[in-house]
Amino acid sequence: MIRLVDICRTYDLGGNPVRALVDVTEEIASGEHLAIMGPSGSGKSTLLHVLGCLDRPDAGRYELDGRDVSALDDDALSLLRRHTIGFVFQSFHLVPRLTARENVELPMVFAGVPAAERRERAMAKLRAVGLEPRASHRPDQLSGGERQRVALARATVLEPKLLLADEPTGNLDGASGRHVLEILSRMNADGLTLVVVTHDPAVARRARRLIVLRDGHVVFRGSGEQIHEAVELLSTGDGEGDAAPAPGRP
Amino acid sequence: MAGELLRLALGAVRAHRLRSFLSALGIAIGVAAVILLTSIGEGTRLYVVSQFTQFGTNIIAINPGRSKTMGIPGVLGGSTRKLTIDDAEALTRIRGVEVVVPVTMGLGAVELGGRSRSVTILGATPDLPVLWRFGARQGSFWPRGDPRQGGASAVLGPKLARELFGERSPLGAVVRIAGGRFRVVGVMQPKGQMMGFDVDDIAIVPVASALRLFNQDELMEIDLVYANARDTARVEAEVKRVLIERHGDEDFTVTTQEAMLDVFGNVMDVLTTAVGAIASISLLVGATGILTMMWIAVGERTSEIGLLRAVGATAAQVQAVFLAEAAALATLGGVLGIAIGLGGGLLLRLVVPGLPLETPLRFVLAGLAVSAATGLVAGVGPARRAAALDPIDALRAE
Ligand SMILES: Nc1ncnc2c1ncn2[C@@H]1O[C@H](COP(=O)(O)OP(=O)(O)OP(=O)(O)O)[C@@H](O)[C@H]1O
Ligand SMILES: [Mg+2]
């Protein structure tokens with residue numbers, strides 16, 4: 001479903017180039033569940049943004065569903081995000097003055113879905129994340145876990161193929177975090193391709209596949225069960241590239 | 001999509017009630033001022049037009065002297081002939097003319113027994129009711145005859161009649177008017193104020209008698225009523241031709257009712273333009289309020305903009321969201337302004353009961369349209385800024 005070849009992303013910070021991604025080559029199969037780990041500033045969010053067509057790589061090739069995304073203009077990328085990609089953020093990013101249902105409806109507003117259908121689909125999604133009774137509550141009336149579930153409903157309401165989650169449990173306590181993860185797993189089981197950025201080994205372990213970034217490089221590739229190796233690698237703070245098997249392999 | 005944007009916009013406006021209210025206040029005040037000023041202007045226009053046209057519109061007035069723009073009559077022209085009853089008689093022969101009324105005026109006392117009342121005394125002919133479109137309520141004007149011959153009959157205004165006679169009928173009684181003896185033959189219908197003077201409080205006598213009473217040798221005005229509005233130009237030309245033939249010079253001024261309405265219309269247009277200019281200044285101030293508010297809103301909601309982009313809003317859609325918000329804000333200001341303007345009008349009418357006020361629906365609609373447009377214009381800058389934000393940078397802002 002996704003093929004990244006030699007993706008580079010360099011930020012210019014007051015004349016100093018910051019290399020957030022360096023020659024990242026990766027394939028993500030349809031229906032996969034991939035976890036991205038790495039120390040702070042290693043480029044995890046940047047990679048997620050590139051995958052989500054929010055950010056453009058400076059170099060390299062990005063194919064999504066067989067299309068070369070690097071060539072698309074801003075409007076085409078917007079449409080791609082709208083229909084193919086869902087985002088979940090650590091800080092939920094709910095619109096504070098809208099109710100839960102209205103937040104879930106938001107992507108459909110821009111997609112031009114008629115009001116009645118929008119309402120129905122939003123309610124169905126809220127039901128799926130167990131929040132139907134909270135549909136008319138505003139974000140400040142919801143707990144963190146509930147907010148993230150609203151965000152999940154919103155991210156998936158237009159039935160995207162790819163869901164990108166950046167520290168989805170980072171702001172949640174254990175129980176609500178697990179609840180969110182269970183919903184994510186269920187969605188993945190239903191065929192949604194899932195990429196999760198996390199610091200939490202418990203989150204990463206659930207993934208079928210796992211990569212570790214350091215300074216913009218992929219320094220480890222393994223399965224979810226190899227989480228201990230990854231954690232060890234992260235705690236030692238070295239292991240430049242040596243532990244990384246060939247790309248495209250679980 | 002448009003309706004949805006509006007709903008989103010109204011939600012955002014509602015989320016900061018006080019702030020929205022304050023930023024829309026400029027527009028509100030501007031629109032209120034415009035509504036109020038134009039209502040007074042329109043009311044005045046309608047009032048004045050109704051004053052003019054209560055006599056009918058097919059009227060031509062001839063006054064002695066060249067028109068004001070040519071200087072003081074008689075000083076530059078040299079030989080200025082007087083405007084006489086003979087002139088008026090000559091005009092009756094013009095085709096299409098219904099009546100010609102030679103008119104003069106003066107102040108004098110009307111006395112009955114011990115009572116005396118100082119009023120306006122009008123010299124005219126029995127055709128006056130045709131010119132004024134109202135006549136005697138009681139009795140009638142003296143019979144038509146040669147207007148060069150005076151007469152000892154008089155018609156009184158109803159107020160004057162009441163003051164002198166109380167409840168008794170004045171018909172047949174003899175009164176002294178400016179020293180002369182007149183028999184009362186009629187009492188006018190009550191009319192009240194007309195062109196600024198009280199026609200209920202006058203005495204009307206034959207024009208030749210009035211000239212004699214006031215020792216005048218010239219009419220103040222000749223009024224001419226013609227049958228068909230399409231004849232205005234021809235009748236006007238013939239009036240000039242006839243009088244120039246008689247005077248040897250154009251030493252008089254002919255004013256058609258149409259021309260008077262035109263002049264008045266021009267004056268009102270200038271006033272309306274001036275009001276419009278003032279209004280556009282206040283709307284400019286209002287627009288600044290909206291601009292400031294929207295600029296702040298874009299700054300505050302940067303991360304929301306990032307989110308909108310992340311869920312698939314195009315840059316144009318983000319721009320539309322903020323444009324709709326600016327327009328909604330300004331339109332609310334416009335609605336508020338219309339309410340203030342109409343309310344202010346009602347209040348003003350309580351304080352100044354005679355004030356003519358008229359608010360046509362089209363003013364209200366224009367007020368709304370202009371405020372919405374102002375909002376759109378004011379919103380362009382902030383909305384473009386929102387649309388131009390990089391999604392990642394926007395999401396990062398918290
Ligand atoms: N807009 C930007 N401008 C400049 N530098 C940036 C920008 N975005 C990211 N960077 C830099 O790129 C590098 C990678 O950032 P990124 O946000 O991808 O890290 P991360 O792995 O997600 O870290 P964290 O775990 O703290 O979220 C960092 O050094 C960061 O400072
Ligand atoms: Mg990050």
Side-chain angles (χ1 to χ4, degrees), chain A residues 9 11 20 45-46 48-50 52-56 73-99 102-115 118-119 138-140 151 153-158 160 164 166 171, chain B residues 1-20 293-294 296-325 328-329 383-398:
Chain A
R9 181 69 173 99
Y11 292 108
S45 295
T46 304
L48 209 65
H49 293 153
V50 167
C53 299
L54 275 169
D55 203 358
R56 286 167 184 279
D73 68 6
D74 189 66
D75 282 354
L77 292 180
S78 298
L79 289 184
L80 208 55
R81 289 196 295 270
R82 185 187 296 169
H83 293 289
T84 313
I85 301 163
F87 283 97
V88 176
F89 305 93
Q90 177 173 1
S91 55
F92 320 129
H93 274 301
L94 298 181
V95 179
R97 61 182 180 280
L98 299 182
T99 64
E102 289 166 339
N103 265 288
V104 178
E105 283 188 33
L106 213 47
M108 294 189 282
V109 167
F110 296 104
V113 177
R118 227 164 46 212
R119 193 190 177 97
R138 286 178 209 291
D140 58 6
R154 181 180 64 193
T156 54
V157 75
L158 282 171
L164 305 172
D166 197 345
N171 279 353
Chain B
M1 181 74 196
E4 215 40 54
L5 284 182
L6 210 64
R7 242 176 45 77
L8 276 178
L10 287 174
V13 169
R14 233 189 347 253
H16 298 280
R17 280 168 214 275
L18 182 61
R19 200 171 81 172
S20 298
M293 160 77 175
M294 289 311 297
I296 291 170
V298 169
E300 283 176 345
R301 278 152 57 194
T302 301
S303 91
E304 180 185 321
I305 292 163
L307 182 272
L308 295 186
R309 298 304 311 274
V311 301
T314 61
Q317 284 175 324
V318 168
Q319 184 170 337
V321 165
F322 283 90
L323 274 182
E325 207 170 306
L329 199 57
R384 290 175 83 112
R385 177 180 166 219
L389 284 174
D390 179 60
I392 301 291
D393 292 342
L395 275 172
R396 203 183 291 269
E398 200 63 50

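Naming convention: chains lettered A, B, ... in sequence-line order (proteins, then strands); numbering from 1 in each chain.
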- Ordered numerically, the heavy-atom neighbours of chain A under 4.5 Å found in residues 385-393 of chain B are Pro391(B), Ile392(B)
- Item | More than 12 heavy atoms from other groups under 6.0 Å of CZ on Arg19(B) | yes
- Message: Report which part of Arg14(B) has an atom under 4.5 Å of a heavy atom belonging to chain A: side chain, backbone, both, or neither.
- Response: neither
- Task: Identify which part of Ala316(B) has an atom lying under 4.5 Å from any heavy atom of chain A, answering side chain, backbone, both or neither.
- Result: neither
- Report the C-alpha distance between Asp74(A) and Thr314(B) in whole Å, list the side-chain angles of each, state the deciding distance to 0.1 Å, and finish with yes or no for side chain to side chain contact (heavy atoms under 4.5 Å, CB included). CA-CA 8 Å; Asp74(A) 189 66; Thr314(B) 61; 5.8 Å; no
- Dump the intermediate steps for side chain to side chain contact (heavy atoms under 4.5 Å, CB included) on Leu8(B) and Val95(A), then the final yes or no. CA-CA 11 Å; Leu8(B) 276 178; Val95(A) 179; over 6 Å; no
- Message: Counting heavy-atom pairs closer than 4.5 Å to chain B, which one of Pro114(A), Ser78(A), Ala155(A) comes out on top?
- Response: Ser78(A)
- Task: For the pair Val311(B) and Leu158(A), evaluate side chain to side chain contact (heavy atoms under 4.5 Å, CB included) and give the outcome as yes or no after the intermediate values.
- Result: CA-CA 10 Å; Val311(B) 301; Leu158(A) 282 171; over 6 Å; no
- Query: Is the closest side-chain heavy-atom distance between Leu98(A) and Glu304(B) below 4.5 Å?
  - Reply: no
- Item | Check: Arg309(B) main-chain N/O paired with Arg81(A) side-chain donor or acceptor under 3.5 Å | yes
- Message: I need the Leu307(B) CG to Asn103(A) CG distance, nearest 0.5 Å.
- Response: 7.5 Å
- Atom CD of Gln317(B) and atom CZ of Arg82(A): how far apart are they, to the nearest 0.5 Å? 4.5 Å
- Query: Where on Glu105(A) is there a heavy atom nearer than 4.5 Å to chain B: the side chain, the backbone, both, or neither?
  - Reply: neither
- Message: Quick check for you: to the nearest 0.5 Å, what is the distance between Arg301(B) atom CZ and Arg97(A) atom CZ?
- Response: 4.0 Å
